[in-house]
Amino acid sequence: MKDLIVITKKYGFYTGATVATQHYVDNWSKYFDRIYVFTLENEGVNEYKNITVIECSNSKKLLKDVLKLKQSTNKVIGYSDDHLGYLFKTVGIPYIHTYHGNWPDARYVSSDMFFKSFYFIHYYKKTISYAAITVDVSYYMHQKFTKKYAKHSVVIRNGTNQISSIKSSNKINPRILMIGNIDKRKYKIAKKIFKLIKNSELSKSFTIDIYGEIFDKKLSNELSSYNFVNIKGKVSKIDISDYNILLSLSAMENLPISIVEAAQAKIPIISTNVGGVSEVVHDSLNGYILDSNNYNEIIRLIHKAIKMDVLNDMALSEEFNWEKSSLKYIKAFDSI
């Protein structure tokens, strides 16, 4: 088998995309002689002898190191999970790219994101168009963005960390879970929602735990000022079955792994209607889609979700499986 070179801006447990890459690299170690991960930031957990993680100070150094490695072997193929994937074209390595991004939707979140979009969309278009195969994790983004620029594109779902047992729900003092790094994209809407909850009886009977790295300290302080909100920070593992509801109020998404895992664990989900969320959340069956034009209905939906019992047949299909998805990638690598 060929050696695999992975180019990623961050490696480890930073976001859903990097969690996915960590899972795949670990699984792929069974199929490649060696895997070299080139990254600008490393928080990865490496337990495999044939995986080498190389942290580079900048993209120029990364490119130089990749070229040097490529010259030492004729059996190399590439994989990327962010906008740096186009660098493979520079060194003549065929590659697969997985698009986890939120562009072009993210362009309209703020003026800052609007200006950043000219950089990121440009390089994502290059990365997608140069890739031998582009993989999407949602049909939403497949149709809206990548299919327009990809030579060949397919949908391969991310997996879930299987929950071994479903804990009994505490419906008297319910707990609500939110997952995602604290920034305006993920939590700008939450400010409006929390204000509505504060003025209801709900605020006295339940808690909201927020897990994620704090990128916007001011926003984090605003959220934590509500007595029913607990900022838990960045952790590597969350027991999702401890909670009654997963609440996702992001302004835009592709398809969050947290939503997939909640569906797998039969935890009711309340989410804004963004990205591929509706591919997993089926209204009134395993959760509710929040109408962006009517945030006042959040109180009613939380009450309904607390009482909801997700049926066994609403568990996710087997396509959301790390091992099976890894094998689909291996077949894709073989094809190029």
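In this structure, the side chain of Tyr123 does not engage the main chain of His83 through any donor-acceptor pair within 3.5 Å. A donor-acceptor pair under 3.5 Å is formed between the side chain of Ser110 and the backbone N or O of Met113. Side chain of Thr39 to backbone of Lys9: a donor-acceptor contact under 3.5 angstrom is found. Checking side-chain atoms of Asn27 against main-chain N and O of Ser326 turns up no donor-acceptor pair under 3.5 Å. Side-chain atoms of Ser220 do not come within 3.5 Å of backbone N or O of Asp216 as any donor-acceptor pair. At distances below 3.5 Å, at least one donor-acceptor pair connects side-chain atoms of Thr272 with backbone N or O atoms of Ser250. At distances below 3.5 Å, not a single donor-acceptor pair connects side-chain atoms of Asn321 with backbone N or O atoms of Gly159. Not a single donor-acceptor pair under 3.5 Å links the side chain of Asp33 to the backbone N or O of Leu4. With hydrogens and angles disregarded, no donor-acceptor distance shorter than 3.5 Å links the side chain of Glu261 to the backbone of Ile240. No side-chain donor-acceptor contact under 3.5 Å links Thr21 to the backbone of Thr18.
Clustering ILVMFWY residues whenever any of their side-chain heavy atoms sit less than 4.5 angstrom apart, transitively, puts Leu327 in the very cluster that holds Ile77. Clustering ILVMFWY residues whenever any of their side-chain heavy atoms sit less than 4.5 angstrom apart, transitively, puts Leu63 in the very cluster that holds Tyr119. Under the 4.5 Å side-chain heavy-atom criterion for grouping Ile, Leu, Val, Met, Phe, Trp and Tyr, Met141 is not connected to Ile257 through any hydrophobic cluster. Tracing side-chain contacts under 4.5 Å through hydrophobic residues (I, L, V, M, F, W, Y), one reaches Tyr48 starting from Val37; they form part of the same cluster. Hydrophobic clustering (side-chain heavy atoms under 4.5 Å, transitive across Ile, Leu, Val, Met, Phe, Trp, Tyr) keeps Val281 apart from Tyr139.
Here the straight-line distance linking atom CD1 of Ile330 with atom OG of Ser335 works out to 11.0 Å at 0.5 Å rounding. Asn286 CG to Met308 CE: the interatomic distance, rounded to the nearest 0.5 Å, is 7.0 Å. Rounded to the nearest 0.5 angstrom, Asp3 CG and Lys70 NZ are separated by 13.0 Å. Within the model, atoms OH of Tyr288 and CZ of Arg300 stand 8.0 Å from one another, a figure rounded to the nearest 0.5 Å. Between Leu40 atom CG and Ser59 atom OG the span is 6.5 Å, to the nearest 0.5 Å. Note: Leu290 CG to Ile298 CD1 = 5.0 Å, rounded to the nearest 0.5 Å.
Remark: Lys188 does not engage Asp183 in a salt bridge, criterion side-chain N to carboxylate O under 4.0 Å. Residues Lys234 and Glu43 are paired through a salt bridge, judged by an N-O separation under 4.0 Å between the basic side chain and the carboxylate.
Side-chain contact between Tyr24 and Val6 is absent, with no heavy-atom pair separated by less than 4.5 Å. At a threshold of 4.5 Å between non-hydrogen side-chain atoms, the residues Val229 and Phe194 count as touching. The shortest distance between side-chain heavy atoms of His142 and Ser153 falls below 4.5 Å. Counting heavy atoms from C-beta on, the side chains of Tyr124 and Asp82 come closer than 4.5 Å. You'll find the side chain of Val76 stays beyond 4.5 Å of the side chain of Leu69, heavy atoms only. Two residues are said to be in side-chain contact when any heavy atoms from C-beta on lie closer than 4.5 Å; Phe88 and Thr127 fail this criterion. Side-chain atoms of Ile7 and Val66, non-hydrogen and from C-beta on, do get closer than 4.5 Å to each other. Contact of the Gln264 side chain with the Val260 side chain is not registered, since no non-hydrogen atoms from C-beta on lie closer than 4.5 Å.
With Glu319 as the partner, the salt bridge (charged side-chain N to carboxylate O under 4.0 Å, His left out) test is satisfied by one option alone out of Arg157, Lys324, Lys328: Arg157. Under the side-chain contact (heavy atoms from CB on, under 4.5 Å) test applied with Ile176, the options Ile306, Ile302, Ile270, Leu246 reduce to a single match, Ile302.
Checked by atom type, the side-chain pair Ser80/His97 shows a donor-acceptor distance below 3.5 Å. Defined by atom type and a distance below 3.5 Å, a donor-acceptor pair is present between the side-chain atoms of Asp239 and Ser241. There is no side-chain donor-acceptor pair under 3.5 Å between Asn254 and Asn102. In this model, a donor atom of one side chain and an acceptor atom of the other lie less than 3.5 Å apart for Asp105 and Tyr140. A donor and an acceptor atom, one from each side chain of Tyr243 and Asp209, are located under 3.5 Å apart.
By the neighbour-count criterion of 12 heavy atoms within 6.0 Å, atom CZ of Phe115 is sparsely surrounded, having that number or fewer from other residues, nucleotides or ligands. Atom NZ of Lys126 sits in a crowded spot, with more than 12 heavy atoms from other residues, nucleotides or ligands closer than 6.0 Å.
Relative to the six-membered ring of Phe215, Arg185 misses at least one condition, a distance below 6.0 Å or an angle of at most 45° to the axis. A cation-pi geometry, defined here as NZ or CZ lying under 6.0 Å from the six-membered ring centre and within 45° of its normal, does not hold between Lys192 and Tyr295. Both tests pass for Arg34 against the ring of Tyr36: distance under 6.0 Å to the centre and angle within 45° of the axis.
Every side chain to side chain donor-acceptor pair (under 3.5 Å) that Thr98 has, sequence neighbours left out, goes to Tyr79, Tyr329.
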Checklist entry - Going through the distances and angles, do Lys191 and Tyr187 end up as a side chain to side chain donor-acceptor pair (under 3.5 Å)? => result CA-CA 7 Å; Lys191 288 170 44 178; Tyr187 292 97; over 6 Å; no

